[in-house]
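Presented below is the structure to which this report refers.
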Protein chains: 2
Amino acid sequence: MSNYRSNEQTLPTNIPPDNFQLVDIFKALANNHRLKIYNILTRCCTPGTQCDSNDVFSCCVGELDSQLDIAPSTLSHHLKELNRAGLIHMKRDGKQVFCSVNTDMMKTLQHLFTE
Amino acid sequence: MSNYRSNEQTLPTNIPPDNFQLVDIFKALANNHRLKIYNILTRCCTPGTQCDSNDVFSCCVGELDSQLDIAPSTLSHHLKELNRAGLIHMKRDGKQVFCSVNTDMMKTLQHLFTE
DNA sequence: TCTATAATTCGAAATATGTCGAATTATAGA
DNA sequence: TCTATAATTCGACATATTTCGAATTATAGA
């Protein structure tokens with residue numbers, strides 16, 4: 001892929017994202033399933049579970065899959081997009097991959113419309 | 001078009017947008033040209049002009065066209081998308097159509113990532 | 001090492017989006 | 001009314017995105 005770009009490393013910093021990065025971010029959120037994934041990860045607690053609000057909520061791919069009614073390969077694709085845009089982190093632990101929101105990026109987005 | 005939806009009337013209110021509306025909003029911003037249009041309208045002043053910050057900056061379609069290097073029909077299409085998502089207002093005055101940001105929607109977006 | 005589970009990559013198909021030029025509509029002014 | 005300007009609609013085409021199932025990779029445990 002010749003024009004592959006990722007915000008995963010280039011963002012976040014103190015520098016606000018440029019237009020290219022922003023388009024990527026909005027593109028990542030401009031899909032029903034991806035927005036739902038992001039919302040799930042943003043809620044710090046799932047119903048019926050304890051929530052330590054100091055920790056960032058983290059959820060494995062399989063758990064997300066059970067809430068979404070899409071094929072695993074499709075979910076994998078969507079997670080890659082969210083990750084590429086810098087919106088979420090992904091970290092393998094054994095057989096599972098855990099996802100969590102990138103709180104720095106969240107802060108960046110908070111400032112976006114506020115300035 | 002059977003599943004045409006517009007946020008132009010249904011938003012903004014005090015009620016936060018639902019996921020469908022949000023996807024529409026992000027979709028509208030998830031394009032190079034449309035984001036640039038939105039940025040132009042968000043800046044209250046164009047270089048070399050006076051700015052009364054109490055007024056919302058307004059710009060006619062032709063003026064936007066001169067800054068964008070796309071066909072008028074393409075610009076028209078993009079403006080329709082931004083308008084449909086509820087991000088901008090459009091108002092004809094004589095031969096020209098003036099565009100401006102929907103400040104209520106802007107406020108809604110400010111609160112989105114903040115809650 | 002072999003097996004089962006978790007997740008990803010790949011390739012193909014269907015759908016959606018971005019773009020243009022030509023034709024059309026809306027308006028102001030001669 | 002006729003003409004020129006501003007903008008939109010329409011139809012066509014190219015490109016991008018979404019989705020799936022099949023095959024593959026990564027890992028833990030027997």
Side-chain angles (χ1 to χ4, degrees), chain A residues 1-6 8 19-20 22-38 40-41 58-85 87-100, chain B residues 1-6 8 19-20 22-38 40-41 58-85 87-100:
Chain A
M1 205 186 297
S2 67
N3 51 1
Y4 178 84
R5 277 179 299 112
S6 171
E8 203 186 341
N19 258 37
F20 279 121
L22 262 187
V23 166
D24 263 4
I25 291 164
F26 288 134
K27 225 174 243 185
L29 294 173
N31 173 276
N32 200 18
H33 294 310
R34 288 195 296 266
L35 187 58
K36 192 169 175 188
I37 293 165
Y38 192 73
I40 290 170
L41 296 176
S58 156
C59 187
C60 77
V61 174
E63 172 58 24
L64 289 171
D65 199 43
S66 72
Q67 299 185 45
L68 280 170
D69 199 38
I70 52 176
S73 56
T74 305
L75 174 57
S76 201
H77 164 72
H78 285 320
L79 290 173
K80 206 161 105 179
E81 291 297 303
L82 286 167
N83 184 242
R84 205 173 61 80
L87 285 160
I88 66 170
H89 293 303
M90 299 178 76
K91 186 165 184 285
R92 180 175 279 273
D93 179 12
K95 281 191 289 188
Q96 295 173 312
V97 171
F98 285 87
C99 307
S100 57
Chain B
M1 206 185 294
S2 67
N3 50 2
Y4 178 84
R5 277 180 299 112
S6 171
E8 203 187 340
N19 257 38
F20 279 121
L22 263 185
V23 166
D24 264 4
I25 291 163
F26 288 134
K27 226 174 243 184
L29 294 172
N31 172 275
N32 200 16
H33 294 309
R34 287 196 296 267
L35 187 58
K36 191 167 176 191
I37 293 165
Y38 192 75
I40 290 171
L41 296 176
S58 157
C59 188
C60 77
V61 174
E63 173 57 26
L64 289 170
D65 200 43
S66 72
Q67 298 186 47
L68 280 169
D69 199 38
I70 52 177
S73 56
T74 305
L75 173 57
S76 202
H77 164 72
H78 285 320
L79 290 173
K80 206 161 104 179
E81 292 297 303
L82 287 167
N83 184 241
R84 205 172 62 79
L87 285 161
I88 66 169
H89 294 302
M90 299 178 78
K91 185 166 185 286
R92 181 175 279 273
D93 180 10
K95 281 191 289 188
Q96 295 172 313
V97 171
F98 284 88
C99 307
S100 58

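Note on naming: letters A, B, ... go to the chains in the order of the sequence lines (proteins, then strands), and numbering restarts at 1 for each one. No hydrogens, no waters, no symmetry mates; every other heavy atom, side chains included, goes into these values.
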Distance in angstrom units between Ile37(B) CD1 and dT19(C) C1', rounded: 13 Å
Pair assignment for dC13(D), Watson-Crick or G-U wobble, requiring both distances under 3.5 Å: dG18(C)
Phosphate OP1/OP2 of dC20(C) contacted by Thr74(B) side-chain N/O (<4.0 Å): yes
Rounded distance in Å - CG (Leu79(B)) to C1' (dA7(D)): 10 Å
Mutual orientation of the aromatic rings belonging to Phe26(B) and Phe26(A) [parallel < 30°, tilted 30-60°, perpendicular > 60°]: parallel
From dA7(D), dA7(C), dC20(D), nucleotide with atom closest to Val61(A) side chain: dA7(C)
Nearest-nucleotide 5' precedence on DNA chain D, Glu81(A) against Arg92(A): Glu81(A)
Flag side-chain contact, heavy atom, 4.5 Å: Ser76(A) against Val61(A): no
Nearest to side-chain heavy atoms of Lys80(B), which nucleotide of dT8(C), dT9(D), dT8(D): dT9(D)
Options dT19(C), dT19(D), dT5(C), nucleotide nearest the side-chain atoms of His78(A): dT19(D)
Touch class at under 4.0 angstrom, heavy-atom based, for His77(B) against every strand present: base
Val97(B) side-chain proximity, nearest of dC20(C), dT8(C), dT8(D): dT8(D)
Shortest non-hydrogen contact between Ala28(B) and Leu82(B), atoms and distance: O-CD2, 3.9 Å
dT8(D) OP1/OP2 closer than 4.0 Å to side-chain N/O of Ser76(B): yes
Mate of dA26(C) where both pairing distances stay under 3.5 Å, Watson-Crick or G-U: dT5(D)
Sugar-phosphate, base or nothing in reach of Asn31(B), heavy atoms under 4.0 Å: sugar-phosphate
Atom-pair distance (CG on Asn32(B); P on dT17(C)), nearest Å: 17 Å
Sugar-phosphate, base or nothing in reach of Leu75(A), heavy atoms under 4.0 Å: nothing
Residue matched to dA13(C) through Watson-Crick or wobble contacts both under 3.5 angstrom: dT18(D)
Close side-chain approach of His78(B) and Leu68(B), heavy atoms under 4.5 Å: no
Quiz item: Ser73(B) side-chain donor-acceptor pair to dG21(C) base, under 3.5 Å: yes
4.5 Å side-chain heavy-atom contact, Ile37(B) and Leu75(B): yes
Interatomic distance, Lys95(B) NZ vs dT3(D) P [rounded to whole Å]: 15 Å
Of the listed nucleotides dA28(C), dT17(D), dT17(C), the one nearest the side chain of Lys27(A): dT17(D)
Integer-rounded Å distance: dA6(C) P and Met90(A) CE: 16 Å
Separation of atom CG in Asn83(A) from atom C1' in dT9(C), rounded to whole Å: 16 Å
d(CZ, Phe98(A); C1', dT27(D)) in whole Å: 13 Å
Candidate list His89(B), Met90(B), Glu63(B), test side-chain contact (heavy atoms from CB on, under 4.5 Å), partner Cys99(B), passing option: Met90(B)
Atom-pair distance (CZ on Arg84(A); P on dA16(D)), nearest Å: 13 Å
